[in-house]
Amino acid sequence: MGVTEQQWRLEQARVDEVTDKIEQRIQALELETGSVKTEVVSIRKHFWDDVTINLSTHEDKIESYWSLRQQAELLSERERSYRHAAEALSKMKRLVRSPYFGRIDFQEDGDRREERIYLGIATFLDEEQGSYLVYDWRAPISSLYYDYGPGAAAYVTPAGDIHGTVTLKRQYVIRDGHIRLMFDTGVTIGDELLQQVLSQSSDAQMRSIVATIQREQNRIIRNDHSRMLIVQGAAGSGKTSAALQRAAYLLYKHRETLKADQMVLFSPNPMFNSYVSTVLPELGEENMEQTTFQQYLEKRLGRQFQLEDPFSQMEYVLSGPEAAGPGYAARMEAVRYKASTAFLHAIQTYKQELEQAGMLFKPIRFRGRAVVSREKMMEKFYAYDSSVRLPNRIVLLRDWLLNEIDALEKTEWKQEWVEEQAELLEPEDYMRSYKQLRKGMKGKDDSFDDFDREKELICRSIVREELKPLRSKIRKLFFVDARKLYMQLFSDEKLFERLAGSDAVPAYWAEICRETLAKLERKELAYEDATPYLYLQELMLGFQTNTSVKHVMVDEIQDYSPFQLEFLKKLFPRAKMTALGDLNQAIYAHAPVLEDVGTIIELYGADQTELIRLTRSYRSTRQIVEFTRGMVPGGETIEPFNRDGAKPTVTVMPDREGLPAAVASRIASLRAEGCDSIAIICKTAAESAQVYDEFKEQFELSLITQYTPDFERGTMVIPAYLAKGVEFDAVIIYDAGKLRYSRENERKLFYTACTRAMHRLHLYAAGDVSPFIAEQHPDTYEFTG
């Protein structure tokens, strides 16, 4: 629907008015922040000048306490005022550049007045008139803009549902106080605005999508009742964007009870954290905690083992049986089985058996001798009431061991080694021990006139210091031999058959056991073993839960095993969860274990879980989506957004020798076209390093590895599995030949690589093309070789 010239003038006049008032507010806030900041600096500088300190009498001490407290509270209040004013100033400076992006005219049932509602990234109240010139996009009434077109409509408020009629829905693009684009639209956000946004080049950081949120994305953002919200969406459907706007919405709605540090995002890799790091600050919110599951594993197990990371595991998997050697099939089976619910249940049953028998402990050693044997510990452990939970019995055993160490301390001071150390004490060490003992003896018979008494106390001090590390280890429960207990699963065949069921033992079990035990002996932990090992350890010692986190978001949920999902649920027992994924991008070796979302739904139960499917892809042009959707099962349900572009090209070279020159020519032409971000996607990190070496003298480009901390625009060489979640103006698949991509377990990796492209997709193949290309209808791409 068109907008008349008069309407445009009136709308621009309103923009001018609102912008002018925002600028006035900015000036006032700048004066306020400057004044409060000066006051804060002054209070800090003269803090002690204004405090009365007198400790002469009890009354003076009380007066000094209240004087100090009053001054501290004044400083705290002024700092808080400064922080609030600075936050408001920052918000206004963002708002003035583009005050709002949408308008709806709404008439509530039973009310003759029609209210005009303008939506922006923050609320702006005209304090003189007492009216809202701009509503925050997260306000309840703003949902009308995302969910309805002209006609009957309703929105939810804390007081109940409000019904009425939307008489107008208008969209704007405002830059620096000027309306660049304006049009009236229907139910969905207008294609004109989406076309403009999606036709732009990709950025080094993900952008806010509040102006283009679609109705199905709004369901994700405003869902506030599900314990587990699963978003299953096609590549480029806006899953992650919607989830980040969801975080902003939750922080806005629950601002009195929910803070940014009570939300955690588990992302696929550190580079992705950089990519999404600006979205929440752009919306005026602090960033939530961001981490990866591997970083958590490193924190918990990194001191005990040399941990394999998921990308090293991926490199092994992608190397194939020819390069990996005869143990490849067994390793692949190990990866799948150790990620499965079957192995999870086996470990849970193992824990139940350990409550009756089979616990393993490390003997308590002091100066090379065992002071408490593992046999004595087992005897004591199983003497406790069997109805007491296993972790609680370990706590009881810990307390008993500490008492045993106390008893040892009382006699150990008489040993010859103690006397020898006492004689070798430096004078300053001797005096330090002397003073500590006098302090400890205060109020008792602290006479040191007797030489033997003095010597005894010094010796006792030496023993106490020597026993400190041992006591620390006992308190940390290091006496439980978690490594040997996990190894027992693979060394006792009858035990494992009893736990898993003789008919459920996986193929290659003997080989899996042999390789697992060899790594554990070397204190190495394969990626597939890390979560089961930690889970077993937590079952025995008690889960180190995090009850302060109230919401967890997991991106690329399809890359998590049932084992890992169960662990996250245990780790954050009070948190709601948002799980984002695309089963067609499940690229890890354990992916077949999580074949559908049913496994995730079982975690929280169907009554607490909601599933939202996103089938429309916005990232890529229609031509790229039509080419890629045929690669994966169910791809026919993926709907391309109506944005046209060039068809993907497939170029075949006789061999790999011709690839560098052909790809170099393509890079040059893409740069000439104005593509700001170009990804040369390779299958593995090893291939990426080779390709980078090939081009680094010709072009300015970067090599992306698992250790790359930041995502930047430009030309880059990147392994396919690290490209997940990000997008590029143009993608070049360096070698899409049959020799590179032909195994069925590489299908989804290939699909993932191709769907990173926004505007251009070019595939090169040495020799025959991959069957994943050959299967596509020839009309969906241009064949150039």
Side-chain angles (χ1 to χ4, degrees), residues 313 317 326-360 378 381-382 386-387 389-391 393 480-521 525-543 558 560-570 586 588-606 745:
Q313 184 197 73
V317 170
Y328 185 81
R331 174 78 191 274
M332 293 294 288
E333 182 62 25
V335 169
R336 284 189 287 267
Y337 181 72
K338 290 175 181 177
S340 68
T341 52
F343 193 47
L344 171 62
H345 295 152
I347 286 186
Q348 290 169 337
T349 306
Y350 185 33
K351 180 253 185 181
Q352 294 170 6
E353 286 213 0
L354 291 173
E355 291 177 339
Q356 308 304 319
M359 277 296 293
L360 296 175
M378 286 184 67
F381 180 81
Y382 287 111
S386 61
S387 65
R389 293 174 59 247
L390 190 146
R393 274 190 269 173
V480 178
D481 202 337
R483 184 169 67 102
K484 289 284 179 62
L485 282 165
Y486 189 68
M487 291 173 73
Q488 200 166 243
L489 288 169
F490 303 95
S491 58
D492 189 334
E493 186 176 345
K494 290 183 179 179
L495 168 67
F496 190 77
E497 286 184 1
R498 192 165 66 248
L499 298 175
S502 57
D503 58 342
V505 176
Y508 304 101
W509 184 241
E511 195 171 343
I512 290 171
C513 290
R514 187 164 56 251
E515 183 59 29
T516 303
L517 290 170
K519 286 185 176 179
L520 288 166
E521 287 287 358
L525 207 56
Y527 183 65
E528 62 267 23
D529 282 301
T531 306
Y533 179 92
L534 186 56
Y535 186 78
L536 175 61
Q537 180 174 285
E538 300 288 85
L539 283 176
M540 293 184 299
L541 307 184
F543 272 84
Q558 74 281 352
Y560 286 71
S561 70
F563 228 125
Q564 292 169 329
L565 296 176
E566 173 70 18
F567 189 86
L568 286 176
K569 182 186 174 184
K570 290 272 191 183
Y588 286 96
H590 61 247
V593 176
L594 193 64
E595 292 181 350
D596 56 48
V597 294
T599 306
I600 309 175
I601 292 173
E602 288 177 10
L603 273 176
Y604 289 92
N745 65 357

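Note that the coordinates shown come from a computational prediction; the quantities given were computed from them, not determined experimentally.
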For this session: Evaluate the side chain to side chain contact (heavy atoms under 4.5 Å, CB included) criterion for residues R498 and T349: first the C-alpha distance (whole Å), next the side-chain angles of each, then the deciding distance (0.1 Å), finally the verdict.
Result: CA-CA 9 Å; R498 192 165 66 248; T349 306; over 6 Å; no
Exercise. Taking side chain as C-beta onward, heavy atoms only, is E515 less than 4.5 Å from R331?
Worked result: no
Exercise. Near Y508 OH, under 6.0 Å, is it more than 12 heavy atoms from other residues, nucleotides or ligands?
Worked result: no
Problem set entry | Parallel, tilted or perpendicular, as decided by the 30° and 60° cut-offs, for the rings of F490 and F343 | tilted
Exercise. If you measure from CD on E528 to CD1 on I512, what distance do you get to the nearest 0.5 Å?
Worked result: 9.0 Å
For this session: Quick one: closest heavy-atom pair of G358 and Y382, and the distance?
Result: N-OH, 3.2 Å
Seminar exercise, completed: Rounded to the nearest 0.5 Å, the CD1 atom of I347 sits from the CG atom of L485 at a distance of 11.0 Å
Exercise. To the nearest 0.5 Å, what is the distance between CG (L517) and CD (Q488)?
Worked result: 11.0 Å
Problem set entry | Min side-chain heavy-atom separation T341-F563 under 4.5 Å | no
Problem set entry | 4.5 Å side-chain heavy-atom contact, D529 and K519 | no
Problem set entry | Closest approach of R393 to F381 (non-hydrogen atoms, all atoms of both residues) | CB-CE1, 3.5 Å
For this session: Mind running side chain to side chain contact (heavy atoms under 4.5 Å, CB included) on Y350 and L495 for me, showing each step along the way?
Result: CA-CA 9 Å; Y350 185 33; L495 168 67; 3.9 Å; yes
For this session: Check whether more than 12 heavy atoms from other residues, nucleotides or ligands sit under 6.0 Å from atom CD of E353, and answer yes or no.
Result: yes
Exercise. Does R514 have any salt bridge (Lys or Arg N to Asp or Glu O under 4.0 Å) partners at least two apart in sequence or in another chain, and if so, which?
Worked result: none
Problem set entry | Side chain to side chain, Y486 and P532, heavy atoms closer than 4.5 Å | yes
Exercise. Hey, what do you get for CG (D492) to CD (E497), rounding to the nearest 0.5 Å?
Worked result: 9.5 Å
Exercise. Between atom NZ of K338 and atom OG1 of T516, what is the distance when rounded to the nearest 0.5 Å?
Worked result: 3.0 Å
Seminar exercise, completed: One should read off an interatomic distance between L499 CG and K494 NZ, to the nearest 0.5 angstrom, of 14.0 Å
Problem set entry | From CA spacing to verdict: side chain to side chain contact (heavy atoms under 4.5 Å, CB included), M332, R336 | CA-CA 6 Å; M332 293 294 288; R336 284 189 287 267; 4.0 Å; yes
When the side chains of residues 533-543 are checked against the rest of the protein, which donor-acceptor pairs come out under 3.5 Å, sequence neighbours left out?
unit_1, atom_1, unit_2, atom_2, d
Y533, OH, R483, N, 3.2
Y535, OH, Q348, NE2, 3.0
E538, OE1, R300, NH2, 2.8
E538, OE2, R300, NH1, 3.3
E538, OE2, Q544, N, 3.0

Problem set entry | Side-chain donor/acceptor of Y588 to backbone N/O of S561, under 3.5 Å | no
For this session: Find out whether E355 and K351 are in side-chain contact, i.e. whether some heavy atom of one side chain is under 4.5 Å from a heavy atom of the other.
Result: yes
Exercise. Any idea which heavy atoms bring E333 and P506 closest together, and the distance?
Worked result: OE2-CB, 3.6 Å
